[in-house]
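To start, the structure under review is shown below, and the notes come after it.
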Amino acid sequence: TTTQGRLDSFFKVL
Amino acid sequence: MFEARLAKGAIFKKILEAVKDLLTEASWDCGDMGITLQAMDNAHVSLVSLNLRSDGFDKYRCDRNLTMGMNLGSMSKILKCAGNDDIVTIRAQDNPDTVTFVFESENGEKQSDYEMKLMSLDLEHLQIPETEYACVVKMPAGEFARICRDLSQFGDSIVISCSKQGVKFSASGDIGSANVKLAQSSNVDKEEEAVTIEMQEPVSFTYACRYLNFFTKATPLSAQVKLSMSPEYPLMVEYAIDDIGQIRYFLAPKIED
């Protein structure tokens, strides 16, 4: 089974 | 005063089609350099990043940086009122409560204007880090859309694998499995029909069909699409928009439990 990853850790909040 | 005029107004119509199913609302940031829009979908699985350079417009004036929060469903309704050959101008005052869209027919005999209320959106501004991708595939945008649509019939996910031999799209589910392999084009007369692969190392990742199909709504904007993949990094799906800019979608891969 797979889980959908999220993007939060990839992009820096300015 | 902000004013951006685009003779090829259909580009705006296509951009709205390319974002409205993924995002309900977004901020349009306008400055000297042009217009940008960045927003994640509600689930924070994908990010849309649109960039339209000021020098790509037929007329561009931006006295002060401004951020216009818009409901994209409403904006899409308005842009559907523009003809495909219309010239589109977006206009706003400094610190605006509303934005005005002006549509002019090519022959100048019909002009319509639509005013839309802006929204106050409290959205995060994100920085997308630069990276060297392990694999970059360029292929006809229509072919990518077709493959995503076809393979979606087999399951919720598509595995994209890239190696020296080419790029492979795979899906499997209750009815069976499907594989579509594309080799790098050896001899191409038309650049837009080419499949090209730049590879540092082979990769294979699993992505949600639902989001890939949202991204392919941008197909009418561009003859080619660029897929960039790296370990530990989201997939980037990029469509060039004429000589004015590009729309990029980022998608987090699915992870094996």
Side-chain angles (χ1 to χ4, degrees), chain A, chain B residues 22-23 27 29 36 38-49 67 122-131 133 155-160 170-173 204-212 214-215 228-237 248-257:
Chain A
T1 55
T2 55
T3 321
Q4 178 61 58
R6 282 167 63 101
L7 285 180
D8 304 75
S9 59
F10 287 111
F11 301 111
K12 225 173 20 185
V13 177
L14 293 176
Chain B
L22 206 48
L23 309 172
S27 287
D29 292 309
T36 58
Q38 263 184 30
M40 283 199 206
D41 70 281
N42 283 338
H44 285 213
V45 167
S46 69
L47 173 90
V48 180
S49 176
T67 295
D122 186 22
L123 296 174
E124 290 167 334
H125 276 73
L126 302 166
Q127 187 179 17
I128 300 165
E130 290 286 320
T131 187
Y133 285 96
D156 297 337
S157 311
I158 294 178
V159 180
I160 305 179
S170 313
S172 60
S204 181
F205 298 109
T206 306
Y207 301 105
C209 289
R210 176 178 155 79
Y211 286 88
L212 295 175
F214 281 143
F215 303 166
S228 303
M229 290 168 283
S230 265
E232 312 289 318
Y233 207 80
L235 165 73
M236 180 173 80
V237 179
R248 291 178 174 145
Y249 301 93
F250 295 84
L251 177 63
K254 287 192 166 186
I255 306 153
E256 292 286 335
D257 286 336

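Numbers restart at 1 for each chain; the letters A, B, ... are given by sequence-line order, proteins then strands. This one's a predicted model, so the numbers in the text were calculated from it and none came from an experiment.
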Problem - Heavy-atom side-chain proximity of B:Met40 to A:Phe11 below 4.5 angstrom - result: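 Yes, their side chains come closer than 4.5 Å.
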Exercise for the section: Applying side chain to side chain donor-acceptor pair (under 3.5 Å), name anything that partners B:Thr206, two or more places apart in sequence or on another chain. Expected result: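 Not a single residue meets the side chain to side chain donor-acceptor pair (under 3.5 Å) criterion with B:Thr206.
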Practice task
Sort B:Pro253 into side chain, backbone, both or neither according to what part of it lies under 4.5 angstrom from a heavy atom of chain A.
Solution key: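 Looking at B:Pro253, just its backbone touches chain A.
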Exercise for the section: Against chain A, label B:Tyr207 side chain, backbone, both or neither, depending on which of its atoms sit under 4.5 Å from a heavy atom there. Expected result: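 Nothing of B:Tyr207, per the 4.5 Å heavy-atom cut-off to chain A.
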Handout entry: Value rounded to 0.5 Å, distance of CD in B:Glu232 from OG in A:Ser9
Key =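 These two atoms lie 9.5 Å from each other.
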Handout entry: Straight-line distance of B:Leu251 CG to A:Gln4 CD, nearest 0.5 Å
Key =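 The CD atom of A:Gln4 is 6.0 Å from CG of B:Leu251, to the nearest 0.5 Å.
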Problem - More than 12 heavy atoms of other groups within 6.0 Å of B:Asp156 CG - result: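 Incorrect, the count does not exceed 12.
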Problem - Closest approach of A:Leu7 to B:Leu47 (non-hydrogen atoms, all atoms of both residues) - result: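 Reported closest heavy-atom pair: CD1-N, 3.3 Å.
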Exercise for the section: Provide the closest heavy-atom pair for B:Ala252 versus A:Gly5 in the form atom of the first, atom of the second, distance. Expected result: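 Answer, listing the atom of B:Ala252 first, then A:Gly5: CB-O, 3.3 Å.
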